[in-house]
2 protein chains.
Amino acid sequence: MDSPRASGRTPAKARLSRETVLAKALELVDAEGLDALTMRRLGQELGRDPMSLYRYADNRAALLDGVSELVLDQLPIHPEDPDWKAQLRNIAHDLRMLALEHPNVVPLLVTRPLSTPLGLRPLGTLRPLEQILTLLASAGFEPADALHVYRAYYGFLYGHILNELQEYVVDPEENEVLLRLGLHRLPAKEFPRLRALAPALSEYDGARELDQGLTILLSGLEAQLSRQVAGSRA
Amino acid sequence: MDSPRASGRTPAKARLSRETVLAKALELVDAEGLDALTMRRLGQELGRDPMSLYRYADNRAALLDGVSELVLDQLPIHPEDPDWKAQLRNIAHDLRMLALEHPNVVPLLVTRPLSTPLGLRPLGTLRPLEQILTLLASAGFEPADALHVYRAYYGFLYGHILNELQEYVVDPEENEVLLRLGLHRLPAKEFPRLRALAPALSEYDGARELDQGLTILLSGLEAQLSRQVAGSRA
DNA sequence: AGCGCCTGTCTACGCTGTAGACTGTACCCG
DNA sequence: CGGGTACAGTCTACAGCGTAGACAGGCGCT
């Protein structure tokens, strides 16, 4: 059962690599959540001693960073598109999809950078930033303006993703809306509006909402920046 | 040293209460971060057996929820202001300030709801939502539209807060900008733009950036919604 | 006076991350 | 071909974690 070449979940006794470790880690997180990703459990899943993992990640935190990186690396890089707004829109939708595919990783994406100074983050998590900066630069933005656009954009994007994941359905089996969202527990007198919104809440169209928000934000940013440029020229 | 009426960090042997427990918990989180908030440590801080805490919170997760609630309860409620946009602006700045005062709590604010269905969250964390819905309702919005505005608004707001906290300075002692942000570690060839932005990054004016974003977003939302209303009337 | 409730304590269990010493194998170099 | 070195993986052990469950003490009511 444990003989060499036995067929476990993985080829059993092939050499480990950072890639296989991180891949299994992500798999585990996707399937059972962040808490399930313990060194012991991951070791077991790989058919190895837990301590062997430390050859591929300094510690658990680094492992989590690796998982973030792995997910962000899946962000497709889009071919040239003349329109920066269209590009940002595409990237936003890509990231949204990625988040929906790996909802358990989102807390990492959002939380880890809070405890890690910009320059010390895994490079994979900074690449999207650099990518957007170049995109904006080639669209003619001054560096400082590009930074402003980036911030407003990414802020909104992450905010949207958090929002969308938060609202999601508890118990899809239950078909009474109030129950499905657990809203029945709320005291009706204190939360009349929220309770009344149950039907609307359950019909959330995330892609659409994201898109509308982007339209507002991007055209607003464009207007504001062209105004600034015009102003500083005068 | 451990006699009754001894003067420890707290009055020593007064009865515990949920309030005192949560207050100490928040204090601990503010001072030393989320990881420092263990049952044992908190018990020690209160001069009590760790197990006594379970009378005031079902488990550690509930304790964390309590801390979130405690922070959000500090959100001031603003007097009537005729202008919904002005109100949303005020609330946004209040929440931003709160986040800057309790940066270690932000991960909780952002993360906990992801694993808790809407209806099962601590009531304190839902109150801002309900409050904004009423605000928008009294400004004349249809419930469904109010929800859209709320989503775009809160999404942007939380996104901004995350952004701002992420960019913040590591080691205020170090005054060489590149070093402070750790940017020197980045390979110059791969991250030219990001590295070049170092000075701009260190001059982040969060309040201003938030305000500009809100201006764009709110006026955009207003325009979009009034257009919709006009359209559906025709 | 007696009963019952409630707060806080104690002990114990299974789990966690990880330091440090160790083994075995694969490869390179003389 | 022999010996050495580097490195993958294992083992043992430790300190700390959350928390179940049994228990103690004191207060207030009847």
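Because the structure is a prediction, the values reported are computed rather than measured. In what follows, chains carry the letters A, B, and so on, assigned in the order in which the sequence lines appear, proteins first and then strands, with residues in each chain numbered from 1.
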Inset, instruction - Provide, to the nearest angstrom, the distance between the CG atom belonging to A:L46 and the C1' atom belonging to D:dT10. - result: 15 Å
Inset, instruction - Can you tell me the distance, in whole Å, between the CG atom of B:D35 and the P atom of D:dG16? - result: 15 Å
Legend entry - Counterpart residues, salt bridge (Lys or Arg N to Asp or Glu O under 4.0 Å), relative to B:E32 (two or more places apart): B:R41
Inset, instruction - Could you tell me the separation between the CG atom of A:L37 and the C1' atom of C:dT16, rounded to a whole number of Å? - result: 12 Å
Inset, instruction - Kindly write out the residues that satisfy side-chain contact (heavy atoms from CB on, under 4.5 Å) with A:H148, not counting sequence neighbours, or none if the list is empty. - result: B:E209, B:Q212
Legend entry - Nucleotide-resolved protein contact map, nucleotides 19-29 of chain D, B/S/- at heavy-atom distance under 4.0 Å: BBB--------
Inset, instruction - For B:D49 and C:dA12, give me the distance from atom CG to atom P, rounded to whole Å. - result: 14 Å
Legend entry - With sequence neighbours excluded, residues passing side-chain contact (heavy atoms from CB on, under 4.5 Å) with B:D205: B:A207, B:R208
Legend entry - B:L42 CG - D:dC17 P separation (whole Å): 12 Å
Legend entry - side-chain contact (heavy atoms from CB on, under 4.5 Å) involving A:L22 - partner list, sequence neighbours excluded: A:R18, A:L63, A:L70
Inset, instruction - Under the salt bridge (Lys or Arg N to Asp or Glu O under 4.0 Å) rule, collect the residues that match up with A:E164, sequence neighbours excluded. - result: A:R96
Inset, instruction - Write down the distance between CG (A:L53) and C1' (C:dA19), rounded to a whole number of angstrom. - result: 15 Å
Inset, instruction - Report yes if a side-chain nitrogen or oxygen of B:S52 is closer than 4.0 Å to either non-bridging phosphate oxygen (OP1 or OP2) of C:dT7; otherwise report no. - result: no
Legend entry - Lys/Arg-Asp/Glu bridge criterion (N-O < 4.0 Å) met for A:R127, A:E130: no
Legend entry - Distance, rounded to the nearest Å, where B:R48 contributes CZ and C:dT9 contributes P: 6 Å
Inset, instruction - Round to a whole Å and report the spacing from CD of A:Q44 to C1' of C:dC15. - result: 13 Å
